[in-house]
Number of protein chains: 4
Amino acid sequence: MTSPRRGRPRTTGIDDALRAAVHELLAESGYQKSTVDMIAARAGVGKAAVYRRWRSKAELVFAAVVHDESLPPPPETGSLRGDVAGVLAVIQSSLDGPAAASALPGLLADVRADAELAERFGAQFVGRQRDYLVRMLDRAVARGELAARPDPAAVHAILLGTVFAWLHMLREPAPAGFADRLAGPLTAALRELA
Amino acid sequence: MTSPRRGRPRTTGIDDALRAAVHELLAESGYQKSTVDMIAARAGVGKAAVYRRWRSKAELVFAAVVHDESLPPPPETGSLRGDVAGVLAVIQSSLDGPAAASALPGLLADVRADAELAERFGAQFVGRQRDYLVRMLDRAVARGELAARPDPAAVHAILLGTVFAWLHMLREPAPAGFADRLAGPLTAALRELA
Amino acid sequence: MTSPRRGRPRTTGIDDALRAAVHELLAESGYQKSTVDMIAARAGVGKAAVYRRWRSKAELVFAAVVHDESLPPPPETGSLRGDVAGVLAVIQSSLDGPAAASALPGLLADVRADAELAERFGAQFVGRQRDYLVRMLDRAVARGELAARPDPAAVHAILLGTVFAWLHMLREPAPAGFADRLAGPLTAALRELA
Amino acid sequence: MTSPRRGRPRTTGIDDALRAAVHELLAESGYQKSTVDMIAARAGVGKAAVYRRWRSKAELVFAAVVHDESLPPPPETGSLRGDVAGVLAVIQSSLDGPAAASALPGLLADVRADAELAERFGAQFVGRQRDYLVRMLDRAVARGELAARPDPAAVHAILLGTVFAWLHMLREPAPAGFADRLAGPLTAALRELA
DNA sequence: AGATAAACGAGACGGTACGTCCAGTCTTAAG
DNA sequence: CTTAAGACTGGACGTACCGTCTCGTTTATCT
């Protein structure tokens, strides 16, 4: 049912080469110093190939850093505390990679400045995480661990915000067992929210 | 004791005019679109007057948005839960003004990119809040509400991060009673941290 | 005796469609703003069909504007003055069409920048006109109107240059009887050249 | 009477450095290959300094190649033929320098494409030459060499066009005594125009 | 009839230049 | 010595266009 697609198809691998180049350069130089020209050159690609795929540097980096596979659904552990630990680990990994870490603040700023991009960011990054959370909470309700499902936005703010603040505002390195150490206290907060 | 200061003295009011201009422009246009030229022009001031006072745009905005008076010590309420609500309210007010709200993500990005500025930001913004928290926790220990003082960094991450994520990552407007609604759950988290 | 040419033969009409599209777009937008993509689209043709026929935009436009039929040999009038008027009229018509007029300066610039193309331009556009001129001068010599044949390059410069400068450097519209009005004076110049 | 001019004045020498850089690069690489970045770099100047002075590459080159001193008024020789030779020499020198030669076709094309620039070009380059011509013709009329003043535009076309075509359309090198060799024939043409 | 070979429309590709914008620095004349 | 005005360097951004290449498809000729 797909339309027959006329014209030269996109060269396979350019998307990946660009995403890889973004990761490398973010880790080496950070967001602001990674220019689109450098990214394209590193990927062995013209700048037009970049802007054919994404409308701006912010979109490119967003796509490279928050792409689909990077957010595997956290495992179902059978307990709310275990599920929270899993979600925290996923959030941590998505905020703390060498690329994501240097990209996020700059990205957040650029996203903020472009309403149309903010929309997409919300739908993709926030929305996907939110879905995991809702399912996690519903399972806890079904198990009887929670009397009622608390406001998912509040849960989201607590889990995502704690990790983000730790890494990007307080700028402390994540200690070993970071996610696990926070799982208990934050689970207690969720119970009180209900 | 001050040296007699030769030459034309600094025009009084320039600092305030600039701070006011920053607030106005941040609210109107956001951080990235508020250029230093615009800020100086709005304040009726030359650009040199800006750079004589602050070393960069980030410092200027930081000084304007996180200025001293904006962080009054939260009140001592006599209970941990009450104190937490007070701290949350202070944090909220410092993240949610019309100026602060649009400045923070961009500011965070610029701070991240400049190590020397990160230092100062840490000392001033983070450090001051941290002091309040430590005193708050010590009072709770003294009252017997907490068996031991939990890691202040973790407490800080939970309180600051939750508010920041709500406002700037999930981009939800703060509902009425926002701080109060979160105080209970987050206090529960603190107790578990201890 | 031409080799039998395997494969799909060129679609008849594409050459003409492209030439027509070039004329239209030159008249509408001028040389620099007429992009190859636009020309191909206007002709209902892919860009490859263009570059299979001509090596560059300059060649395409050159072929469309200076095509063979546009330079019919000027009539033999029996007098030098009459022949000069005829040549001037041909030159005028080849420089003053709606397409040629907007193409020429840009074309000249691109031709200048590409030595290989300059060669071809010289051979085709300049050479053909030069042949007419030489024949015209030889007839005048045979009739006794000229004592000796003047340098054809100088004659060419005077006739072609006067028309070109009028139209493209001074940018005055050609008045009625333009060629005829100049024929007398320029013929006088030729006589002095001999 | 000039207003006191506030702010930092234009650095003296930047205009000249840019003009010199344009001349060098035109001679080395031609118009199209002389990029604005290269010109600015060669002059040791930022690109902004260029665009603060001129609106486009075409204007910059125009100003550099057709600047005021480059067109000294031709001498008054006391005879029409001598004056024509002088004008031809000036025209030749303004079309045949190493810079002007490579710039002119590209410049003409860009000027053609920008109506606002065409205006200025006409007023400055064409207008100044026209003034010389009118004075030259009036002197000839006063001396009795011409019965009436011929149309200055036609005179202009003949003199300017012949030189331009020789150099830039026929692409022949100017032989020694070029201006002098043409002066006689073209003067004859002027007499017939009257 | 089937295979071969070239041309076709569409459009992605690398490369390169343009003109715009802004941060942070520097220079002037005035106070 | 500070001020307002504004020019300066440097460098990134996003746009545009050229000439090339690659699809899937069509059309003629050769086997």
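Chain naming here is simple, since letters A, B, ... match the order of the sequence lines and numbering starts at 1 in each.
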| What does nucleotides 6-12 of chain E look like as a protein-contact string, B for base, S for sugar-phosphate only, - for none, at under 4.0 angstrom between heavy atoms? | BBBSBBB
Is there side-chain contact between [X] and [Y], with at least one heavy-atom pair below 4.5 Å?
| X | Y | value |
| --- | --- | --- |
| C:Arg171 | D:Phe121 | no |
| B:Met38 | B:Thr35 | yes |
| C:Trp54 | C:Leu18 | yes |
| A:Asp114 | A:Arg55 | yes |

| query | Would one find a side-chain N or O of C:Tyr51 under 4.0 angstrom from OP1 or OP2 of F:dT20? | reply | no
| note | With the side chain defined as heavy atoms from C-beta on, D:Lys57 is closest, among E:dC18, F:dT20, E:dA23, to E:dC18
| field | B:Lys57 NZ/CZ over B:Tyr31 ring centroid, <6.0 Å and within 45° of normal | value | yes
| request: Hey, could you give me the CG/NE2 distance between C:Leu108 and D:His168, rounded to the nearest 0.5 Å? | output: 9.0 Å
| message | Pair B:Arg120, B:Phe125 - check side-chain contact (heavy atoms from CB on, under 4.5 Å), show working. | response | CA-CA 8 Å; B:Arg120 207 168 327 183; B:Phe125 179 72; over 6 Å; no
Separation of [N] [atom2] from [X] [atom1] (nearest whole Å):
| X | N | atom1 | atom2 | answer |
| --- | --- | --- | --- | --- |
| B:Trp54 | E:dA23 | CH2 | C1' | 16 Å |
| A:Met38 | F:dG14 | CE | C1' | 18 Å |
| D:Ile39 | E:dA17 | CD1 | C1' | 12 Å |
| C:Tyr31 | F:dC17 | OH | C1' | 12 Å |

| task | Using the salt bridge (Lys or Arg N to Asp or Glu O under 4.0 Å) rule, take D:Glu28 and D:Lys33 through it: C-alpha gap first, then chi angles, then the decisive distance, then the call. | result | CA-CA 9 Å; D:Glu28 293 170 19; D:Lys33 294 195 176 173; over 6 Å; no
| Heavy-atom contacts under 4.0 Å between residues 100-120 of chain D and DNA chain F, which residues? | none
| request: Taking all heavy atoms of C:Lys47 and all of C:Val36, pick out the closest pair and write down the distance. | output: CG-CG1, 3.7 Å
| Between A:Ser34 and C:Arg55, which is nearer to the 5' end of DNA chain F once each is assigned its nearest nucleotide? | A:Ser34
| said: Nearest heavy atom decides the nucleotide; on that basis, is B:Gln32 or D:Lys33 closer to the 5' end of DNA chain E? | reply: D:Lys33
